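For reference, the structure is listed below as structure tokens.
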Amino acid sequence: MGAFKESMRREMALRGFAARTQRAYLGWMRRLVEHGRVSPDQILESQVREFLGLLAQKGLSPSTVNQAISGVRFFYQQVVPRKWDFELEYQRAPQRLPVTLSPNEVARLLDAAPTIRDRAAMEIAYSAGLRLNEVLHLRLTDIDSQQMVIRVQQGKGRKDRNVMLSRVLLETLRRYWKERKPRQWLFPGQRAGRPMHESLIQRGFREAKFRAHIDKDVTFHSLRHSFATHLMESGVGPRTIQALLGHRSLSTTERYTHVAGDYLRTTPSPLDRLR
């Protein structure tokens, strides 16, 4: 990649791309160059198509293939502009419903948390619908016990938002602070000035899941899905849930309608009307 690598990094930084996105795009361009065995400005369209086709044939998920397409498109649109004779089409990802936990399963999971730190992190995700990365980037100053809100700064899409601060969560956070006494980050990492690595919280979640005897295929992110589903089941409208989750599109939020058990329980099957 050479000088092209720095040019691509600069263009992505100017557009405010997240560090993880920058690494991913650079990684895909590096793989493309290794595949073509020539400078990126000399790669043929046929080589690009062949490279992307091989990714799909390897059985990679549509989201992974689409990420590679995005990286290639960005490079040849913004770094080395080129007019293609073909369109780089994104793959259509299958629409899957998220797996959620019942309120009883959430309670069991929280009670089975191996440490107060793990319980605090899981309570934040479930009580306010935060992503794991958002949980780990909370600072002590983001917990506003006067207004009873949590400030999520620069969440996904570089957007700020406020979410509710549960009184039960506040009690847990106070117990957590007395035990661990974090200073800047709510969940500080081993490296000074950095938050905790996500693998540590994921490990705590897996252990709690095992202790709670939960067999569902759920991850830490399932707590966020459960937050949205349980709110919808309690009558909270999609627009409110959209704002709390920080979704850009309402259609993303409305998929929880198909997960919430309430509409299934209240809508009779037409077969029952035949008797």
Side-chain angles (χ1 to χ4, degrees), residues 1-100 131-134 154-159 197-199 202 206 216-222 224-225 228 245-259:
M1 287 284 285
F4 292 112
K5 178 179 179 180
E6 296 306 315
S7 297
M8 186 175 183
R9 180 178 284 123
R10 181 177 60 252
E11 291 298 324
M12 289 190 292
L14 286 172
R15 286 160 177 78
F17 283 17
R20 181 177 297 182
T21 302
Q22 293 187 36
R23 289 194 298 270
Y25 283 14
L26 286 168
W28 287 118
M29 279 305 303
R30 176 179 55 78
R31 294 181 182 91
L32 173 60
V33 171
E34 291 173 352
H35 172 79
R37 298 183 179 180
V38 293
S39 175
D41 61 329
Q42 300 299 317
I43 289 179
L44 302 176
E45 295 178 10
S46 59
Q47 292 174 305
V48 174
R49 290 183 66 91
E50 181 184 35
F51 171 72
L52 296 174
L54 286 174
L55 294 182
Q57 292 172 12
K58 287 180 179 178
L60 298 180
S61 68
S63 61
T64 300
V65 175
N66 288 341
Q67 184 188 65
I69 293 174
S70 294
V72 172
R73 288 182 63 173
F74 181 83
F75 183 84
Y76 288 111
Q77 287 177 353
Q78 307 299 332
V79 183
V80 182
R82 179 187 294 184
K83 185 175 181 180
W84 300 99
D85 290 332
F86 68 92
E87 184 66 27
L88 290 175
E89 296 287 351
Y90 288 109
Q91 286 195 3
R92 178 172 295 182
Q95 299 298 311
R96 294 190 175 92
L97 294 178
V99 180
T100 62
R131 304 172 177 90
L132 177 54
N133 188 60
E134 293 171 340
Q154 296 297 286
K156 187 175 180 179
R158 293 186 176 272
K159 294 185 295 184
H197 194 274
E198 60 184 24
S199 62
Q202 290 169 334
R206 290 193 296 269
K216 288 182 178 179
D217 185 18
V218 290
T219 65
F220 187 93
H221 198 72
S222 301
R224 173 175 160 90
H225 293 320
L245 293 175
H247 283 163
R248 181 179 301 175
S249 170
L250 182 61
S251 62
T252 304
T253 308
E254 288 178 334
R255 65 178 175 162
Y256 292 108
T257 302
H258 301 285
V259 184

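Computed from a prediction, not measured in an experiment: that's the story for all the values here. Numbers here simply count residues along the sequence, with the first being 1.
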Item to complete: For the pair Arg20 and Arg23, evaluate side-chain contact (heavy atoms from CB on, under 4.5 Å) and give the outcome as yes or no after the intermediate values.
Response: CA-CA 5 Å; Arg20 181 177 297 182; Arg23 289 194 298 270; 3.8 Å; yes
Worksheet item: Quick one: do the Arg15 and Gln78 side chains pair a donor with an acceptor below 3.5 Å?
Response: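 Yes, a side-chain donor-acceptor pair sits under 3.5 Å.
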Working to the nearest 0.5 Å, report the span between [atom1] of [X] and [atom2] of [Y].
| X | Y | atom1 | atom2 | answer |
| --- | --- | --- | --- | --- |
| Leu132 | His221 | CG | NE2 | 9.5 Å |
| Arg9 | Leu14 | CZ | CG | 13.0 Å |
| Leu52 | Leu32 | CG | CG | 7.5 Å |
| Gln22 | Phe17 | CD | CZ | 8.0 Å |
| Glu198 | Arg131 | CD | CZ | 13.5 Å |

Item to complete: I would like to know whether Ser199 and His197 meet side chain to side chain donor-acceptor pair (under 3.5 Å); could you show each step before the answer?
Response: CA-CA 6 Å; Ser199 62; His197 194 274; 2.9 Å; yes
side-chain hydrogen bond (donor to acceptor under 3.5 Å, both in side chains) partners of [X], counting only residues at least two apart:
| X | answer |
| --- | --- |
| Glu50 | His35 |
| Ser61 | Ser63, Thr64 |
| Gln202 | none |

Fill in: Heavy-atom side-chain proximity of Pro81 to Tyr76 below 4.5 angstrom
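SC-SC contact between Pro81 and Tyr76 ruled out.
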Worksheet item: So Trp28 and Phe51, would you call those rings parallel, tilted or perpendicular, with 30° and 60° as cut-offs?
Response: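 Perpendicular, since the angle between the ring planes exceeds 60°.
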Test your reading of the model: is there a side-chain donor-acceptor pair from [X] to the backbone of [Y], 3.5 Å cut-off?
| X | Y | result |
| --- | --- | --- |
| Arg82 | Asp41 | yes |
| Arg31 | Leu26 | no |
| Lys216 | Thr100 | yes |
| Gln77 | Phe74 | no |

Discussion item. Consider side chain to side chain contact (heavy atoms under 4.5 Å, CB included). Of Arg10, Glu11, Met12, Met29, which one does Val79 pass it with?
Written reply: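 Going through Arg10, Glu11, Met12, Met29 one by one, the side chain to side chain contact (heavy atoms under 4.5 Å, CB included) with Val79 is satisfied by Glu11 alone.
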Practice prompt. Give the intermediate values and the outcome of side-chain contact (heavy atoms from CB on, under 4.5 Å) for residues Ile69 and Asn66.
Written response: CA-CA 5 Å; Ile69 293 174; Asn66 288 341; 4.1 Å; yes
Worksheet item: What's the shortest heavy-atom distance between Ile43 and Val48, and which atoms?
Response: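 So the two residues come closest at CG2-CG2, 3.7 Å.
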Discussion item. As a quick check of understanding, evaluate side-chain contact (heavy atoms from CB on, under 4.5 Å) for Gln67 and Tyr25, giving each step before the final call.
Written reply: CA-CA 7 Å; Gln67 184 188 65; Tyr25 283 14; 4.2 Å; yes
Worksheet item: Do NZ/NE/NH1/NH2 and the carboxylate oxygens of Glu34 and Arg30 come within less than 4.0 Å?
Response: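 Salt bridge flag = yes for Arg30 with Glu34.
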